[in-house]
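Numbers restart at 1 for each chain; the letters A, B, ... are given by sequence-line order, proteins then strands.
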Number of protein chains: 2
Amino acid sequence: MTANSATDLLREHNLRPTRQRMALAALLFDGTARHVTAESLHDQVKDMGITLSLATIYNTLHQFTNVGLLKEIKGIGDAKWFDTNIDQHHHFFDISNDHLIDIPASSITISHLPASPDGKVIDGVDVIVRLSDKSPDKSSG
Amino acid sequence: MTANSATDLLREHNLRPTRQRMALAALLFDGTARHVTAESLHDQVKDMGITLSLATIYNTLHQFTNVGLLKEIKGIGDAKWFDTNIDQHHHFFDISNDHLIDIPASSITISHLPASPDGKVIDGVDVIVRLSDKSPDKSSG
DNA sequence: ACAATCTTTACAATCATTCTAAACTACTTG
DNA sequence: CAAGTAGTTTAGAATGATTGTAAAGATTGT
């Protein structure tokens, strides 16, 4: 993502194109799906030689989420994760290295979901498929 | 659950039947499925006129989980939840009041799950169906 | 009862996150 | 471009959930 398109992107969403938001937008919206936590993003910008306060990272992640540029992923580990893939989808979560892999919503079929209780509507369905390392002792050795 | 059966239950799992663990076992294993956090359990025992330190609640929840008496529920709200239903199952999570409702695993059919990446095996599948209040303005009035 | 071991507890420490108020930056208008 | 205003960033304090620590207390086997 170029500096210009980052500017446009931010403006389209009524966010001032500040140095900080430009840097984060450049990192996040390069076309590849990214899964980040505030801490991991903080480390990534640090590696680029840019220093942003953690509070700004949190603020920006929330702002990007509010305007629909990011999606928060519920239920992964201890920290909050954000996803640049804003389509409805699910996740593999590799517990051995805290790595996330997207699963398109269309790749999973969920049927026979019970009816919601009276007065309630389904707000969303999150599926997390936990992965662990295949034990080398089993199944083929 | 009677005091005697709580004692037996604890002994069967190599846990000394202390006053604290007896109280918590009595509360938790009365036959109905319960969803608790450390804080909510702490409040419940307080209501019974018993005072236990929060640290003990945490310790006990973890011990009960380690011996298979409880199951930790991943991905709900900000706190860790524990479930007396140790069968494989899923959850409705009512975001308006942080209330959980079990969904038996057999009530949901998940098909076409993609293959796990090389070297990885599926450790478990968690489905959380988020519920919110039906808006009174929509759909029938 | 005694010693050995396991538990509980108060309190400090930690981790992720949010709050606060002051310093700073971007945008608009002249 | 200068000034004013509104939006942003930041360091550091505060919060909330959880874990660690070390000392005091309870349970068990003999």
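D:dT8 atom P lies 16 Å from atom CD1 of A:I57, rounded to whole Å. In this structure, A:I50 atom CD1 and D:dT10 atom C1' are separated by 16 Å, rounded to whole Å. Between the CD atom of A:Q20 and the P atom of D:dT9 there is a distance of 5 Å, rounded to whole Å.
Rounded to 10°, the angle separating the first-five-pair axis and the last-five-pair axis of the helix from C:dA1-D:dT30 to C:dG30-D:dC1 equals 30°.
For residues 91-107 of chain A, the pairs satisfying salt bridge (charged side-chain N to carboxylate O under 4.0 Å, His left out) are A:D94-B:K120, with sequence neighbours left out. Pairs of residues two or more places apart, or lying in two chains, that qualify as side-chain hydrogen bond (donor to acceptor under 3.5 Å, both in side chains) and include a residue from residues 41-59 of chain A are A:S53-A:T56.
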Applying side-chain contact (heavy atoms from CB on, under 4.5 Å), run through B:E39 and B:L54 and close with a yes or a no. CA-CA 8 Å; B:E39 295 283 354; B:L54 242 192; 3.6 Å; yes
Could you walk me through whether A:D30 and A:T84 satisfy the side-chain contact (heavy atoms from CB on, under 4.5 Å) test, starting with their C-alpha distance in whole Å, then the side-chain angles of each, then the deciding distance to 0.1 Å, before giving a yes or no? CA-CA 10 Å; A:D30 69 348; A:T84 58; over 6 Å; no
Contact pattern, 5' to 3', of nucleotides 15-30 of chain D - B, S or - by protein heavy atom under 4.0 Å: --SBB-------BS--
Show me the donor-acceptor pairs within less than 3.5 Å that the side chains of residues 65-82 of chain B make with the rest of the protein, sequence neighbours left out.
{"unit_1": "B:T65", "atom_1": "OG1", "unit_2": "B:L61", "atom_2": "O", "d": "2.7"}
{"unit_1": "B:N66", "atom_1": "ND2", "unit_2": "B:H62", "atom_2": "O", "d": "3.3"}
{"unit_1": "B:K71", "atom_1": "NZ", "unit_2": "B:D87", "atom_2": "O", "d": "3.4"}

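Contact between B:L113 and B:I110 at its shortest, heavy atoms only, is CD1-CG2, 4.2 Å.
Between atom NE2 of residue A:H13 and atom CZ of residue A:F64 there is a gap of 9.0 Å, rounded to the nearest 0.5 Å. Rounded to the nearest 0.5 Å, atoms CD1 (B:I50) and CZ (B:R19) are 7.5 Å apart.
Note that the first and last nucleotides of DNA chain C, 5' to 3', having any atom under 4.0 angstrom from a heavy atom of chain A are C:dA16 to C:dC27.
Ring planes of B:H91 and B:H35: perpendicular class, angle over 60° (limits at 30 and 60°).
Criterion: ILVMFWY side-chain heavy atoms under 4.5 Å apart, direct or through other members. Under it, B:I95 and A:I128 are not part of a common hydrophobic cluster.
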